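Let me begin by presenting the structure, written as structure tokens, before commenting on it.
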Amino acid sequence: MKSKFLILTYIFLFINVCISQTPLKVVSSNILFKIKNAGLTVEGKFTNLEAEINFFPTNLKASTINASIDVNTINTGIKSRDNHLKKGEYFDVAKFPKIMITSSFFGKKGNAYNGYFKLTIKGITKDVTIPFTFENGVFKGEFTIDRRDFNVGGNSMIMGDKVLIQVELNTQ
């Protein structure tokens, strides 16, 4: 009788681990950015996020996130500006149609997490750290990059160098 109980307990634990270790599906996303240009804050967003998310709060070592964004979806609210940003001096969409991010590892800090990622823009890959929260299937994070690290916008005197990126992913 005791051995049957142990076997059932192990089966239950195995099923529970398998269920809790399933990939998350993104049901909606907001990828927003802000940058200073000519003294004004320009805001924009990207859509068409594709992601493979295996995030397990109780097993960060087994967690991975790989995502990409279609740069053609850039939207600042001004179509002529969006078209200009797709050209070679900025995102060079013809050569580099996607922005990609791949996790290296995760850490926990209080009720939040730090994700350590490889971010690739215009074929240039840099390490970024993204502090984020994960509650009820929702990832929320924000981080800053230097656009010059990715050769976006050249040496513009009127455009700021720092870009604030805000991410919200709703998963199930």
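Predicted model only: the values in this text are computed from it and were never measured.
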request  = Report the C-alpha separation of Ile130 and Ile101 in whole Å, then their side-chain angles, then the decisive distance to 0.1 Å, and conclude whether the side chain to side chain contact (heavy atoms under 4.5 Å, CB included) test is met.
outcome  = CA-CA 11 Å; Ile130 304 174; Ile101 193 163; 3.7 Å; yes
Flag, side chain of [X] to backbone of [Y], donor-acceptor distance under 3.5 Å:
| X | Y | value |
| --- | --- | --- |
| Lys126 | Val128 | no |
| Ser103 | Ile65 | yes |
| Thr120 | Gly123 | no |

query = Relative to each other, are the rings of Phe106 and Phe117 parallel, tilted or perpendicular (30° and 60° limits)?
reply = perpendicular
query = Can you say whether the rings of Tyr113 and Phe132 are parallel (under 30°), tilted (30 to 60°) or perpendicular (over 60°)?
reply = parallel
key: Ion pair Arg147/Asp161, N-O distance below 4.0 Å   =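 Salt bridge between Arg147 and Asp161, a charged N being under 4.0 Å from a carboxylate O: yes.
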ask   = Can we say Lys118 and Asp127 salt-bridge, meaning some charged N sits less than 4.0 Å from an Asp/Glu carboxylate O?
value =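 Result for this pair is yes, salt bridge flagged.
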Should we count [atom1] of [X] as having more than 12 external heavy atoms under 6.0 Å?
| X | atom1 | value |
| --- | --- | --- |
| Lys108 | NZ | yes |
| Lys86 | NZ | yes |
| Lys45 | NZ | no |

When rounded to the nearest 0.5 angstrom, what distance separates [atom1] in [X] from [atom2] in [Y]?
| X | Y | atom1 | atom2 | value |
| --- | --- | --- | --- | --- |
| Lys162 | Ile35 | NZ | CD1 | 10.5 Å |
| Gln172 | Lys25 | CD | NZ | 6.0 Å |
| Ser63 | Ile53 | OG | CD1 | 11.0 Å |
| Ile74 | Tyr90 | CD1 | OH | 11.0 Å |
| Ile124 | Arg148 | CD1 | CZ | 12.5 Å |
| Leu24 | Thr171 | CG | OG1 | 4.5 Å |

task = Walk me through it: do Asn37 and Ile158 pass the test side chain to side chain contact (heavy atoms under 4.5 Å, CB included)?
result = CA-CA 6 Å; Asn37 192 24; Ile158 61 169; 3.7 Å; yes
Honestly curious: do [X] and [Y] fall in one hydrophobic cluster under the side-chain, below-4.5 Å linking rule?
| X | Y | result |
| --- | --- | --- |
| Phe96 | Val93 | no |
| Val167 | Leu164 | no |
| Phe143 | Val42 | yes |
| Met100 | Val71 | no |

What pair of heavy atoms forms the shortest contact from [X] to [Y], and how long is it?
| X | Y | result |
| --- | --- | --- |
| Gly88 | Lys122 | O-NZ, 3.0 Å |
| Ile145 | Phe150 | CD1-CE1, 4.0 Å |
| Leu60 | Gly107 | CD1-C, 3.9 Å |

ask   = Which of these, Asn151, Ile99, Asp92, sits in a side chain to side chain contact (heavy atoms under 4.5 Å, CB included) with Ile121?
value = Ile99
request  = Show the numbers, then the answer: is there a side chain to side chain contact (heavy atoms under 4.5 Å, CB included) between Ile165 and Thr144?
outcome  = CA-CA 6 Å; Ile165 301 168; Thr144 302; over 6 Å; no
message = Do Lys36 and Thr41 pair up side chain to side chain, a donor and an acceptor below 3.5 Å, judged on atom types alone?
response =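 Distance-only check passes for Lys36 and Thr41.
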inquiry  = For Asp82 and Thr76, which I'm curious about, is there any donor-acceptor pair between the side chains at under 3.5 Å?
reply    =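 Thr76 and Asp82 do have a side-chain donor-acceptor pair below 3.5 Å.
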ask   = Can Phe55 and Thr64 be said to form a side chain to side chain contact (heavy atoms under 4.5 Å, CB included), step by step?
value = CA-CA 6 Å; Phe55 185 73; Thr64 60; over 6 Å; no
query = Of all residues at least two apart in sequence or in a different chain, which pass the side-chain contact (heavy atoms from CB on, under 4.5 Å) check with Thr73?
reply = Phe46, Thr47, Asn48, Ile69, Asp70
task = Kindly indicate, with the supporting measurements, whether the criterion side-chain hydrogen bond (donor to acceptor under 3.5 Å, both in side chains) is fulfilled by Asn114 and Thr129.
result = CA-CA 7 Å; Asn114 279 328; Thr129 301; over 6 Å; no
query = Do the side chains of Val152 and Leu85 get nearer than 4.5 Å, heavy atoms only?
reply = no
